[in-house]
Structures are given as C-alpha cells and as structure tokens.
Amino acid sequence: MRISDQIIDPAGAQSGDQLKAVVIDGNLNVVHQSSVQFDSELPDFRTQGGVHIHTDRLTVTSPVLMWVQALDLLLDKMKRAAFDFAGVRALSGSGQQHGSVFWRTGASETLKHLDPDHNLEQLLHDSFSVSDSPVWMDSSSSKQCLDLEAAAGGAERLAEITGSRGYERFTGNQIAKLRQTRPDEFMDTERISLVSSFAASLFLGGYAAIDYSDGSGMNLLDIRTRNWSQICLEATAPHLDQLLGAALPSTSVLGSISSYFVHRFGFSESCRVVSFTGDNPASLAGMRLQPGDIAVSLGTSDTVFLWVQNPRPALEGHVFCSPVDQEAFMALLCFKNGSLTREHISNECAGGSWEVFSAMLRETPLGNDGNIGFYFDTMEITPPAVGIHRFDSEDSEVSSFSPQVEVRALVEGQFLSRRLHAERLGYSILPGTRVLATGGASSNKEILQVLSDVFNAPVYTIDLSDSACLGSAYRALHGLLAESGVSFLDVVKNAPEPQRTTTPHPSAKQVYDGMLQRFARLEERVLQKPRP
Ligand SMILES: Nc1ncnc2c1ncn2[C@@H]1O[C@H](COP(=O)(O)OP(=O)(O)O)[C@@H](O)[C@H]1O
Ligand SMILES: O=C(CO)[C@@H](O)[C@H](O)COP(=O)(O)O
C-alpha cells in the first residue's frame with residue numbers, strides 16, 4: 001500500500017510494504033525522504049510484504065495498528081533527523097487502492113482528543129472494529145461481486161456506473177462480505193475509510209472524506225455524477241452512505257492539521273491537509289500525465305494508465321475519476337504476462353541475453369512480415385486468455401516462428417494489446433501524445449522503439465519509484481491553489497521533465513493502424529478457443 005503524506009514542503013506515501021514520506025520545497029525539489037519498512041521494522045506484526053495471506057489463500061489483510069505504528073515511527077525518525085515540521089505548509093498522501101479501515105463506535109471522539117504525550121498506537125489501540133484490514137490482494141469476495149453485478153443489472157451496467165465490473169478487491173464487495181460474515185464487528189463500526197482517507201483522518205483528527213479518485217475503486221461511486229450510487233449502496237449494506245460520509249474532490253483542502261501534531265512534532269497550526277488518494281492516481285499526478293499521454297509500466301507485470309476525457313468503461317480495466325482534474329478520468333489496465341513472459345521468450349530464443357534479444361528486434365522489420373503472436377504463460381487478466389497462439393500473414397495458425405520472428409511477435413503483440421485495450425476504454429492517440437515508460441524493461445531501448453512505433457508516439461522514460469509520493473507532494477501544493485482555479489499542470493510545470501528516449505519510425509502509423517485491426521480480430525479467435 002502507499003500511505004503517503006506530504007507536500008510542498010512534504011509528501012508521503014504508503015505502498016504495500018512500506019510507509020514513506022517525501023518532502024518538496026516550493027521549487028518542487030525533493031528536500032527530505034524517510035521511510036518505514038513494515039516487515040523488518042515492525043516485526044511483531046509478522047507480515048510478509050506488509051500483509052497476511054490467510055489459509056484459504058484468498059483472504060489477504062494487513063493489521064491496521066501496524067499502519068498506525070508505522071506513522072509513529074516515521075514521524076519519530078523525521079524528528080530525530082531534525083526535520084523542520086514547522087515549515088510544512090500542506091500535506092497530502094496516498095494509500096494502496098481498495099483497502100478498507102473499519103472505525104469502532106466512539107473512535108471519532110478519540111480522534112478529536114488525542115493526547116500529544118502518547119503515541120498514536122497507544123491512543124488508537126481500541127479504535128478499530130476490525131483489526132485486520134482487507135487489502136487489494138484479497139480475492140475472497142466473489143459471491144458479493146456476483147450479487148452486486150446482479151443488483152446493478154449486470155456486469156456491464158455496474159461498469160458503466162462505477163467504472164469497473166465487480167472486482168473482489170474493490171471495497172464495496174469487501175464491506176458486503178464483512179456485513180454477512182462478521183455482523184457483530186460490522187454493527188460496531190461507525191465509519192469506513194479507505195487506506196488513503198484513513199491516513200488523512202489521523203492527520204486531521206477527524207474523519208476525512210474519501211476522494212473521488214480513490215472512491216472510484218470501490219464499486220460504489222457513480223463516476224459521472226460523483227455521488228455514491230444508490231443501487232450499489234443498497235445492494236451492499238443498509239445506511240452505507242452514513243458509514244462512508246460524502247465523497248469530495250481529490251483537490252479538496254480537508255482542514256488544518258490536528259493539534260496533536262502541532263504539539264507533539266511542532267507542525268504549524270496553519271498546515272493544511274489536502275485529500276489523500278490512491279497510489280495509482282497519485283502516481284498519475286507524480287508523472288504529471290497530460291491529456292493524451294499514456295503511462296506504461298514494464299515491471300514484473302505490465303500496468304498501463306492513462307488520462308481519458310471520454311471514458312468507455314468496459315468489462316476489463318478500470319475507469320477512475322481523475323485525481324487532478326474534475327472533468328477528466330484515468331483508466332488503469334493490468335497485464336499479468338509482462339516481463340516474466342519476455343524473460344521466458346528471451347531464454348528460449350536469445351539464450352537469456354537481453355543484448356541478443358534486442359539485436360533480434362533491431363534486425364526484424366516493423367510489422368514482422370504480418371506474423372502476429374499472443375503469449376500468455378499464465379492466465380491473463382486483459383484479455384482473459386492463456387497459452388501461446390501464433391498466426392502467419394494469412395491469419396493461419398502456426399505452431400512455431402523462427403527465433404527472430406518470435407521475439408518481435410512477442411513484443412509487438414504485447415504493445416498492440418496495450419494499445420487495443422487502452423483504446424477500448426476511451427483512449428485515443430493525439431498529435432501531442434507521449435508514452436511515459438517505466439519499470440525494469442524500460443531500460444531496453446529496442447523494446448521502447450517497438451512501443452514508440454506501435455503507439456506512433458515518442459517514448460519518454462521516467463523513474464517511477466517515488467511517483468506516488470511525489471504526486472502526493474504535488475497534489476498538496478495544488479490543493480493550496482486549486483480553489484483559485486489554478487490547474488494542476490500549471491502548478492507542476494517547473495518539475496523535472498522526463499527524458500525523450502525514442503521517436504516513432506516514419507512508417508509506423510501505416511504499419512500498426514492496420515495491424516491493430518487484424519490483432520483485434522485474432523484476439524477474438526484466441527478468446528473463442530476452448531481453454532486448456
Ligand atoms: N534490459 C532489459 N530488457 C528487458 N527487460 C529487462 C531488462 N532489464 C530488466 N528487465 C526486466 O525487468 C523486470 C523487473 O522490473 P521491475 O520494474 O524492477 O519489477 P517490479 O514490478 O518487481 O518492480 C525483470 O523481470 C526483467 O525481466
Ligand atoms: O489494486 C491495485 C490497483 O487497482 C493496486 O495497484 C493497488 O493500488 C496496490 O498498489 P501497489 O502496492 O502495487 O503499489
């Protein structure tokens with residue numbers, strides 16, 4: 001998860017395995033960083049990667065008090081490093097998406113009267129009705145997803161309303177599961193927060209609103225009206241709107257920091273708390289994505305997120321409200337067969353050498369003489385298919401390609417798929433479109449060249465490791481100015497620019513526009529095949 005706090009003088013974020021703070025100055029320079037690793041620095045909680053995987057292998061939770069203690073520890077570390085809390089003008093943050101925190105009846109009074117002589121963990125020890133918060137890796141609520149889709153009039157209709165079909169990790173389904181399986185704990189709950197709004201509540205000394213962007217990852221928010229969907233609320237739990245509170249724009253200033261932090265750490269009373277949001281929305285802010293841009297993370301799995309003006313929610317992928325622009329949306333797609341599949345083909349065709357793999361890409365033509373391949377070592381999320389499927393230029397299925405053709409078919413196929421599914425969610429390539437690439441494989445220039453060609457757009461590289469933290473700092477700064485109408489991109493216009501790495505080949509558009517249509521038809525054929 002990412003619990004991020006901070007801003008213009010600091011920003012911070014929590015990801016699944018750590019809590020991190022990043023502080024920026026008024027010129028957007030990073031001036032301080034601190035972090036707490038959950039597993040190694042809070043070993044009493046016995047987490048792995050910040051979570052507990054339960055014996056059913058489906059339920060995945062994190063101890064909420066571990067997150068609270070991590071904040072105590074982080075702020076103590078900053079104090080020991082003589083960090084100047086008084087200079088912080090605003091803070092914001094991010095948390096892993098979808099995770100939920102259940103506050104026990106009476107917790108709001110506790111939050112309001114925190115005694116600065118004690119740490120938060122001592123003060124909030126009894127404030128949670130559920131000690132183990134469901135997190136994004138949980139997939140134990142399939143039944144509740146089906147129930148919600150049925151109540152909404154089908155999976156497509158649910159996606160139209162909330163931006164996503166029913167997903168197990170989405171908070172509404174987790175809430176429904178808790179209500180059904182642990183009614184006593186549910187009854188003892190006075191407020192439900194997302195991980196992001198939970199962290200904001202600690203700083204505020206009162207319940208923080210869920211922001212529109214992270215709220216879009218719950219299967220509860222109508223992403224167009226930006227109100228809770230009545231149908232979804234009713235299908236999930238009675239009086240749920242009261243437990244959630246009203247959602248607010250992601251740019252909202254929620255109030256001033258609680259007096260607890262003023263007295264215990266020396267924050268200024270005027271330090272503003274700006275809505276916290278999800279880690280992916282915060283990353284979009286940290287990368288300063290602009291309309292038409294698309295970010296492609298080439299890590300263990302590949303993730304694509306993009307700025308969309310006119311979204312078309314679908315059965316795959318997610319549409320969230322934009323965290324930085326009230327008129328816009330962001331779309332997010334996950335592809336499980338990313339770098340590990342590239343490694344597998346590199347091992348088979350290039351002796352495991354990225355240099356040989358890259359040379360094969362250099363030596364083969366754009367469009368691969370019409371050969372197209374689909375490579376799903378494990379069941380893919382987008383689209384739901386498995387296995388390796390190869391087609392020649394006549395659309396006839398073939399059992400093998402030469403090593404060179406195989407390597408190009410893999411990389412072209414992966415990027416055609418990223419483009420196809422992004423376009424299905426409402427993405428379109430515009431004249432100024434930039435592809436922002438990050439993750440392990442973005443160090444490979446030949447892979448980036450194919451990315452550039454398939455999207456017919458220049459590729460820029462960016463180090464994403466801190467993008468959610470940095471995005472939280474930028475958002476904090478923007479929060480101070482948003483009400484006067486200043487746009488987010490204006491606020492961050494002087495931040496360091498990503499580096500342009502590749503430019504599309506002049507024939508790229510002609511080759512890949514046509515190939516994309518063939519690819520879509522062939523993908524349909526793959527999806528219709530019986531699964532092994
Ligand atoms: N030169 C390269 N060419 C292609 N892929 C690479 C190269 N260097 C590293 N990778 C891939 O990057 C992946 C790791 O990406 P990274 O973003 O660090 O992962 P994570 O998602 O775990 O953060 C590895 O699986 C590896 O296959
Ligand atoms: O579930 C999703 C997005 O829908 C995840 O991306 C979570 O937001 C967790 O983030 P990381 O721990 O991977 O940063």
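One-based numbering, in listed order, for ligands and for the atoms of each. In this text the structure is predicted, and so the values were computed from the model without any measurement.
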Identify, for [atom], the protein heavy atom at the shortest distance, and state residue, atom and that distance.
atom                    : value
atom 3 (N) of ligand 1  : N444 ND2, 3.1 Å
atom 7 (C) of ligand 1  : W354 NE1, 3.6 Å
atom 27 (O) of ligand 1 : E343 OE2, 2.5 Å
atom 11 (C) of ligand 1 : S339 OG, 3.6 Å

| field | Ligand-side contact atoms (ligand 1) for residue partner G439, heavy atom cut-off under 4.0 Å | value |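 Once the distances to G439 are compared, the set is 17 (O).
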| request: Report the part of S443 (side chain from C-beta onward, or backbone N, CA, C, O) that has a heavy atom under 4.0 Å from ligand 1; answer both or neither where that applies. | output: side chain
| said: One residue to check: T438. Relative to ligand 1, which of side chain, backbone, both or neither has a non-hydrogen atom less than 4.0 Å away? | reply: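 It is neither; nothing of T438 touches ligand 1.
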| Would you say ligand 2 has an N or O under 3.5 Å from any N or O of R169? | yes
| Q96 to ligand 2: N or O pair under 3.5 Å? |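 No, there is no polar N/O contact under 3.5 Å.
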Has the side chain of [X] got a donor or acceptor atom that lies under 3.5 Å from a matching backbone atom of [Y]?
X    : Y    : answer
S472 : S92  : no
S201 : S197 : yes
R165 : L315 : yes
S62  : G50  : yes

Nearest candidate to [atom], where distance is taken over non-hydrogen atoms, out of [options]:
atom                    : options                : value
atom 14 (O) of ligand 2 : N280, D17, D214, D279  : D279
atom 18 (O) of ligand 1 : G299, S353, G440       : G440
atom 19 (O) of ligand 1 : T300, T303, I447, D302 : T300

| task | Answer yes when R224 and E160 have at least one side-chain N-carboxylate O distance shorter than 4.0 Å, and no when they do not. | result |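 Salt bridge flag = no for E160 with R224.
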| said: So that I can tick it off, tell me whether R342 and D302 are bridged by a salt bridge, with the cut-off set at under 4.0 angstrom between side-chain N and carboxylate O. | reply: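 Between R342 and D302 there is a salt bridge, with a charged N closer than 4.0 Å to a carboxylate O.
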| query | Does atom 23 (O) of ligand 1 have any protein heavy atom closer than 4.0 Å? | reply |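 Answer no: nothing from the protein, no heavy atom, is under 4.0 Å.
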| field | Nitrogen or oxygen of L340 less than 3.5 angstrom from that of ligand 1 | value | no
| Geometric N/O contact S301 with ligand 1, under 3.5 angstrom | no
May I ask you to list the atoms of ligand 2 that are less than 4.0 angstrom from any heavy atom of [X]?
X    : value
L332 : 3 (C), 4 (O)
Q97  : 3 (C), 7 (C), 8 (O)
H98  : 1 (O), 2 (C), 3 (C), 4 (O)

| said: Working to the nearest 0.5 angstrom, can you tell me the gap between N173 CG and Y167 OH? | reply: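 Answer for the CG-OH pair, N173 versus Y167, is 11.5 Å.
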| From F198 CZ over to L71 CG, what is the distance, rounded to the nearest 0.5 angstrom? |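 Rounded to the nearest 0.5 Å, the CZ-CG separation comes out at 8.0 Å.
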| task | Might you point out which heavy atoms bring Q97 and S213 nearest each other, and give the distance in Å? | result | NE2-O, 4.5 Å
| query | Side chains of V51 and D138: closer than 4.5 Å at any heavy-atom pair? | reply | no
| task | Using the six-membered ring of F335, assess whether NZ or CZ of R419 lies under 6.0 Å from its centre and within 45 degrees of the ring axis. | result | no
